[in-house]
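Note: hydrogens, waters and symmetry copies are ignored here, and every other heavy atom, side chains too, is used. A note on names: the letters A, B, ... follow the listed sequences, proteins ahead of strands, and every chain is numbered from 1. In this text, all values refer to a predicted model and were calculated from it rather than measured experimentally.
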Number of protein chains: 2
Amino acid sequence: MPTTGGRNPVMSDVAKVAGVSHQTVSRVVNGHPNVREETVARVRHAISELGYHPNSTARALVTRRTNVLGALAVDTTLFGPSQTLAGIEQAAREAGYFLSIVSADDPSPDGVAEAMDHLVQQSVEGCVAIAPQRELVHALAALPGPRPLVAVEGGEGAGFPVAGVDQEQGARDAVRHLLDLGHRTVHHISGRSDWLEAEARVHGWREELRAAGRTVTEPLPGDWSPRSGYELGRRLAELRAEGEEVTAVFVANDQMAVGVLKALHEAGLGVPGDVSVVGFDDIPEAAYLTPALTTVAQDFTRVGTAALELLLGALDAPSADAPADRTVPAVLRVRDSSAPPPA
Amino acid sequence: MPTTGGRNPVMSDVAKVAGVSHQTVSRVVNGHPNVREETVARVRHAISELGYHPNSTARALVTRRTNVLGALAVDTTLFGPSQTLAGIEQAAREAGYFLSIVSADDPSPDGVAEAMDHLVQQSVEGCVAIAPQRELVHALAALPGPRPLVAVEGGEGAGFPVAGVDQEQGARDAVRHLLDLGHRTVHHISGRSDWLEAEARVHGWREELRAAGRTVTEPLPGDWSPRSGYELGRRLAELRAEGEEVTAVFVANDQMAVGVLKALHEAGLGVPGDVSVVGFDDIPEAAYLTPALTTVAQDFTRVGTAALELLLGALDAPSADAPADRTVPAVLRVRDSSAPPPA
DNA sequence: GGCAATAGTGTTAACGTTCACATGGCTCCC
DNA sequence: GGGAGCCATGTGAACGTTAACACTATTGCC
């Protein structure tokens with residue numbers, strides 16, 4: 001049993017054992033065609049005997065390909081981003097890439113710059129950024145960060161391809177559903193105003209109401225948290241107590257919807273008897289809330305996969321052609337929290 | 001303005017511009033002390049003029065340090081793992097390491113082997129594995145994967161250090177809280193039986209009841225999902241209808257607790273009036289459920305940080321001394337879903 | 001004033017791969 | 001029978017960095 005004296009075995013060790021040149025070992029390792037079958041076998045044997053595995057660093061140095069992609073993540077405490085990240089990881093691995101992640105808790109230009117610098121230092125070949133905030137997208141576009149870059153939920157016109165769910169269509173579907181049930185208008189509790197998704201949902205909601213010629217109320221500004229949902233749910237109950245017609249509310253995410261349900265319940269309002277509630281995201285708990293929440297599902301895994309496809313496309317064709325975007329449809333899941341308005 | 005003709009600038013380009021040797025550039029880049037201040041300035045200027053940044057691959061090749069740590073993640077759809085991952089990432093970055101993640105959707109030996117191989121190929125310097133399942137821990141221990149390795153929530157005796165929350169203490173606190181309220185015994189809805197955390201919570205629950213001399217009922221086996229919580233919640237209601245004394249239930253995670261609340265509500269049982277419910281995890285929604293859920297909070301970020309500290313320790317002192325573990329306390333958060341039993 | 005230590009810099013050789021090219025030996029075909 | 005072409009293999013030079021050592025001034029000290 002040959003050994004390499006404590007040292008990790010390298011190609012020339014294998015070569016010596018197999019009685020060939022290091023180059024032939026390289027050919028075997030990389031599946032090059034023109035190697036005699038018997039030689040391949042001898043090299044393979046030497047490899048397993050020594051426990052050799054190729055040094056990716058040396059390979060990367062000479063090929064100028066690190067095989068590493070970067071991912072910028074924000075707020076992975078939220079359901080969406082963490083799911084998307086999982087989708088990206090899976091797709092990256094399938095494509096034979098490694099994925100290095102860095103999170104920017106802080107969407108300020110400085111925070112993003114630091115995070116991106118971390119990726120550049122690592123010589124990533126490309127990067128996908130989960131960039132739900134307007135400020136972050138701008139910081140990203142201005143920065144000399146890693147390229148190519150694709151964004152998730154980044155909004156158009158940023159100068160790089162974007163993959164995301166059709167937020168506006170999802171919002172319109174939610175509103176249409178409520179109008180179809182007979183509600184005269186739909187209130188809205190919105191997400192953090194600096195998030196593009198929040199904005200798109202507000203826009204979809206408003207446009208669908210406008211198209212139907214309904215009253216458009218002022219959206220109640222939340223911050224995605226259950227707490228803010230709870231507070232705005234109370235506000236909604238107050239409005240109703242003051243005589244405003246509040247029979248349906250479209251809440252910008254499920255976490256806030258949880259808070260809304262609690263607030264309405266505490267105010268003695270039945271859901272969906274008095275008020276219908278529709279959320280967004282379809283978190284795993286949604287179907288098991290009381291009442292089961294009608295919501296708009298986003299296929300985050302598909303978004304992650306789509307983002308990676310865009311990135312791989314950009315890597316294959318480094319031409320500076322117009323960035324094509326990829327949009328995944330949102331789908332409404334009707335459950336028990338929406339019903340016709342009280343008679 | 002000097003350029004390098006399309007090529008990425010390398011050290012010798014900087015050296016030429018600054019009128020020094022490449023070695024001096026290296027010294028400046030690495031903050032070596034013995035360089036004249038004026039030279040440093042000249043080199044720095046050349047660096048920014050050329051937009052040079054050091055090639056991490058070449059550096060890694062010669063120093064034999066990749067500066068990359070690996071993380072094996074399972075089921076990042078769950079709240080705990082995704083939070084922990086975020087904690088690990090943050091700690092890794094602060095320590096100057098890159099983090100490469102790989103997820104094993106499949107805890108079988110093959111799936112783990114493949115995931116680990118991916119990390120080995122990348123020459124990670126160490127690895128932290130989020131290994132909540134018994135099978136996974138064993139696969140990990142048997143595998144010739146990356147070393148050093150630390151596990152999160154892996155249970156002891158696996159042969160590598162483990163960081164985790166004190167599940168058993170958390171479970172005992174939950175049970176004690178319910179007993180203190182006056183309940184004669186506490187039922188338990190458990191997590192997936194192949195998860196070590198599930199087992200530890202069952203154990204803590206059982207021991208606390210035993211220590212108090214109370215009846216220990218058969219745990220109802222769930223799978224962490226809201227759906228299973230719902231189904232077992234119905235089962236619980238049935239048991240009660242059949243005359244069994246069911247006044248308190250300790251549910252192994254909050255997601256299942258959501259389902260339990262729904263099932264009890266549908267069965268016409270009040271929480272906490274008829275039945276008290278205590279969860280585990282303290283997901284963001286917990287405080288805004290109806291009623292606000294009493295639960296046991298886990299500080300996942302701290303667990304991630306602790307795991308990374310263990311890993312860094314192992315990297316510094318590669319001696320094969322006994323692996324020390326790190327345990328983070330769980331803390332009970334009393335809210336509205338627990339109260340004294342009905343009179 | 002001389003000798004050792006030290007600050008500042010340069011030269012050369014690794015690190016472990018892949019790439020480009022060279023070298024034989026063989027087959028094929030006119 | 002002799003060159004064109006292919007197969008199987010080897011040789012040497014990259015890739016861009018850091019480590020080791022060598023070298024020259026300068027300083028400190030008796």
Would you indicate whether the side-chain heavy atoms of B:Phe98 and A:His118 approach each other to under 4.5 Å? yes
To the nearest angstrom, the CD-P distance between A:Glu37 and D:dC7 comes to 15 Å
We want to know whether A:Ser56 and B:Gln121 form a side-chain donor-acceptor pair, criterion being a heavy-atom distance below 3.5 angstrom. no
Whole angstrom value for the distance that separates P of C:dT17 from CZ of A:Arg7: 10 Å
Are any of B:Ser26's side-chain N or O atoms less than 4.0 Å away from OP1 or OP2 of D:dT18? yes
If you assign B:Gly19 and A:Pro54 each to the DNA chain C nucleotide with the nearest heavy atom, which residue ends up on the more 5' nucleotide? B:Gly19
Positions of residues 55-70 of chain A (non-hydrogen atom under 4.0 Å from DNA chain D), listed by number: A:Leu61, A:Val62, A:Arg64
Protein heavy-atom contacts under 4.0 Å, written 5' to 3' over nucleotides 22-27 of chain D as B (base), S (sugar-phosphate only) or - (none), form the string ------
Which of the following nucleotides, C:dG8, C:dT18, C:dT11, is nearest to the side chain of B:Asn34? C:dG8
Length of the line joining A:His32:NE2 and D:dT9:P, which is rounded to integer Å: 12 Å
Expressed as a whole number of angstroms, how long is the span from A:Gln23:CD to C:dC19:P? 8 Å
Rounding to an integer number of Å, can you tell me how far A:His22 NE2 sits from D:dG10 C1'? 8 Å
Student check: side-chain heavy atoms of B:Val165 and B:Asp299 closer than 4.5 Å: no
Measure the shortest side-chain to side-chain distance between A:Leu315 and A:Tyr97 over non-hydrogen atoms and say whether it is less than 4.5 angstrom. yes
Using a 4.0 Å cut-off on heavy atoms, which residues in residues 8-16 of chain B reach DNA chain D? List them by number, or say none. B:Val10, B:Met11
Going by heavy atoms in the side chains, are A:Arg93 and A:Leu308 under 4.5 Å from each other? no
Evaluate the side-chain proximity of A:Gln122 to A:Leu119: yes if any heavy-atom separation is below 4.5 Å, no if none is. yes
Does B:Arg36 put a side-chain nitrogen or oxygen below 4.0 Å from OP1 or OP2 of C:dT9? yes
Can you measure from CD1 (B:Ile130) to CD1 (B:Ile88) and round to the nearest 0.5 angstrom? 4.5 Å
I want to check something: taking the side chain as every heavy atom from C-beta on, are A:Phe79 and B:Phe79 in contact at a cut-off of under 4.5 Å? no
According to a strict under-4.0 Å criterion, is A:Thr39 in side-chain N/O contact with OP1 or OP2 of D:dA8? no
A:Gln121 CD - D:dG16 P separation (whole Å): 18 Å
Less than 4.0 angstrom from a charged side-chain N to a carboxylate O is my criterion; do B:Glu49 and B:Arg42 meet it? no
Are a donor atom and an acceptor atom from the side chains of A:Glu89 and B:Ser103 found within less than 3.5 Å of each other? yes
One should read off an interatomic distance between B:Thr305 OG1 and B:Glu94 CD, to the nearest 0.5 angstrom, of 8.0 Å
Spacing of CG belonging to A:Asp13 relative to CD1 belonging to A:Ile47, to within rounding of 0.5 Å: 11.5 Å
Whole-Å distance, A:Glu38 CD to D:dT9 C1', equals 13 Å
May I have the distance from B:His53 (atom NE2) to D:dT17 (atom C1'), rounded to whole angstrom? 13 Å
